[in-house]
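Worksheet: one structure, shown below.
If you're wondering where the values come from, they're calculated on a predicted model, not measured in any experiment. Counting begins at 1 with the first residue of the sequence.
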Amino acid sequence: MVNGAPGSAWALIRVVSTDAAEERQVVGTPASDDATSLEPRHVFDLASLTKVFTTVAALRLVEAGVVDLDAPVSDVLTVGEGADAGTITLRHLLTHTAGLPAECGGWRDGLFGDGLRAAALRSGLRAAPGEMHLYSDVGFIAVGELLERASGRALDALVAEAAGALGADDLTWRPDPAFAVATERQPHRGLVRGEVHDELAHALGRPAGHAGLFGTVDDVAAVARMIRDEGEGGRARVLSAESVRLMTTPIARADAGYGQAIGLRVRDAGWMGDVDAVGHTGFTGTCFAVRPPTGGLGVLLTNRVHPSRVDTDLSDVRRTFLAPLGDAAESIS
């Protein structure tokens, strides 16, 4: 454990308010069998934080007029099976309200590559689009495919362009294993290091919208600061202020009680505690949250699934880490 969290590695950036000093910490080792000291340049498997960068790429194409948030995606891409599948929009996909299932288990049956991608896109709907919130990796696989077909460009190129404006210089789909933090030891793959941990993303074999990005704590802080700064990135404007408002204003409610905005969760008490913030988590042990009114933000990256995902809940650690953002808000008010 590192600082009370499971795994071997821990990196954080926290700023409790606009006028507060930045806290930064990088400790541990890249793997339990690698005694190398962790450095800021080490990249973590970001898991579902990939969805946030995919969302940013999608909104950039919306602003450019390449895709429409509310047009049926069936004009470009067939997604889902069911009577109402033709009404799915990009807004549905980005808010997990398309009615698609959480995952596609075809990889367990030996599907991979384009065959697995096709099976995911053919997933039967669990509800009519817009009817309910159901967190869905399949939905974000569809987002990535839609962006590629609509723009004629690869998803990794679209994300790299956004990363350049953000100043997220080490964000990558293909890390150097020597500088990648290890994740799980899996029965069919051995120790996973320098390859995506998510089994579905791994079996797809190329960049997908739901998981697969690797990045440093500074890379994740770059997208958090962009949200705080209403679209202004480290090097250039990334999104309009209106697009950022779409990412921070809930338009659906999950059964767990949190609000769902485009790409981000709002006031998710399960890991944010009482802090009124927006953000996202990743299965491997990553998270970030932003409190725009105060300028507070927190990024916490761990590899909590290393060497096993068993009994590695991080909820208390995350709530404790983010609590000062709420304390700062109370002191300001």
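No option in Arg253, Gln260, His96 other than Gln260 meets the side-chain hydrogen bond (donor to acceptor under 3.5 Å, both in side chains) test with His133.
At a threshold of 4.5 Å between non-hydrogen side-chain atoms, the residues Phe214 and Asp176 do not count as touching. Side-chain contact between Val62 and Leu90 is present, with heavy atoms from C-beta onward closer than 4.5 Å. By the 4.5 Å heavy-atom criterion applied to side chains, Gln186 and Arg309 are counted as neighbours. For the pair Glu23/Val16, a side-chain contact is recorded, criterion being any heavy-atom separation below 4.5 Å from C-beta on. At least one side-chain heavy atom of Asp198 sits under 4.5 Å from a side-chain heavy atom of Asp137. Between Met272 and Tyr258 there is no side-chain heavy-atom pair separated by less than 4.5 Å. Two residues are said to be in side-chain contact when any heavy atoms from C-beta on lie closer than 4.5 Å; Val278 and Met247 fail this criterion. The closest side-chain heavy-atom distance from Arg304 to Val317 is not below 4.5 Å.
With no hydrogens or angles considered, a side-chain donor-acceptor pair links Ser32 and His306 at under 3.5 Å. With hydrogens and angles left out, the side-chain atoms of Asp218 and Thr216 include no donor and acceptor closer than 3.5 Å.
In this structure, His280 and Tyr135 have tilted ring planes: the angle between them lies in the 30° to 60° band.
Heavy atoms from other residues, nucleotides or ligands lying under 6.0 Å from CD of Gln25 number more than 12.
Salt-bridge formation is not detected for the pair Arg60/Glu63: no Lys NZ or Arg NE/NH1/NH2 atom is positioned less than 4.0 Å from an Asp or Glu carboxylate oxygen.
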